[in-house]
Amino acid sequence: MTPANYLRLRRKASGLTLEQVAKRLMPRAGFRPMVVAFLRVLETDGCTAKHRDHIDRLTSVFPLDTDVYYQLVNDPADKMPRICSGCGCSAYDPCKNGDEVCGFVAPDACNRCLGETAEREAA
């Protein structure tokens, strides 16, 4: 999993577009296109945030774990945290539905994503 893919999955799991994230981060409409462009760069494989506060600010808009992001940036592949390939959740930032939190039921999938896949296939 790349840092860019992790951000993209966490944002999409929250049901937010880049524009909606930019609106929440930047109240002044004139600066939003720059924010959207910056977010697009962060969600491009091979690009990473240089300053921790950029990722920290995103945590105020949608759930993600800054430490998980920087593990993906800095650590070797064998030290990566377990991350769901459907929504990007991990043990450090699990999916939440009320008081319930998800758990891994496959090597790279949480029960929420696996349940949604099963529901789609049954329909």
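Just so it is clear, the values below take in all heavy atoms, side chains as well, and ignore hydrogens, waters and symmetry mates. Please read these numbers as outputs of a predicted model, since none were measured by experiment.
- In the hydrophobic cluster analysis, where Ile, Leu, Val, Met, Phe, Trp and Tyr join through side-chain heavy atoms closer than 4.5 angstrom, Phe31 is grouped together with Leu16.
- More than 12 non-hydrogen atoms from other residues, nucleotides or ligands lie less than 6.0 angstrom from CD of Glu19.
- Remark: the backbone N or O of Pro63 is paired with a side-chain donor or acceptor of Arg10 at under 3.5 angstrom.
- For the residue pair Asp93 and Tyr6, a side-chain donor N or O sits within less than 3.5 Å of a side-chain acceptor on the partner.
- Heavy-atom minimum distance, Val35 versus Met26: CG2-CB, 4.0 Å.
- Considering all non-hydrogen atoms of both residues, Thr48 and Leu42 come closest at C-CD2, 4.0 Å.
- Side chains of Thr2 and Asn5 form a contact here, defined as non-hydrogen atoms less than 4.5 Å apart.
- Leu9 and Val101 fall into different hydrophobic clusters, where Ile, Leu, Val, Met, Phe, Trp and Tyr are joined by side-chain heavy atoms under 4.5 Å apart, directly or via other members.
- A heavy-atom distance below 4.5 Å is not found between the side chains of Met80 and Met1.
- Here the CZ-CG distance, from Arg8 to Leu39, works out to 12.5 Å after rounding to the nearest 0.5 Å.
- The side-chain heavy atoms of Phe38 and His54, taken from C-beta on, include a pair separated by under 4.5 Å.
- Considering CD of Gln71 and OG1 of Thr66, their distance stands at 11.5 Å, rounded to 0.5 Å.
- Across all non-hydrogen atoms, the minimal contact from Ser90 to Val68 is OG-CG2, 3.7 Å.
- A pairwise comparison of heavy atoms in Cys84 and Cys110 identifies SG-N, 3.4 Å as the closest pair.
- Considering every non-hydrogen atom in both Ala29 and Pro33, the closest pair reads O-CD, 3.5 Å.
- The number of heavy atoms from other shown groups lying within 6.0 Å of CZ (Arg57) does not exceed 12.
- Proximity of Leu58 to Leu25: side-chain heavy atoms (C-beta onward) are separated by under 4.5 Å at one or more points.
- Side-chain contact check for Tyr70 versus Asp75: every heavy-atom pair is 4.5 Å or farther apart.
- Between Arg11 and Leu18 there is a side-chain heavy-atom pair separated by less than 4.5 Å.
- At least one donor-acceptor pair under 3.5 Å links the side chain of Ser85 to the backbone N or O of Asp108.
- At most 12 non-hydrogen atoms from other residues, nucleotides or ligands lie less than 6.0 angstrom from CG of Asp99.
- At least one side-chain heavy atom of Arg112 sits less than 4.5 Å from a side-chain heavy atom of Cys87.
- Summarising the geometry of Gln20 relative to Gly15, their closest heavy-atom pair is OE1-O, 3.6 Å, with the distance given to 0.1 Å.
- Linking ILVMFWY residues whenever their side-chain heavy atoms come closer than 4.5 Å, directly or via other members, leaves Val41 and Leu7 in distinct clusters.
- Looking at Asp67 and Tyr92, their side chains never come closer than 4.5 Å, going by heavy atoms from C-beta outward.
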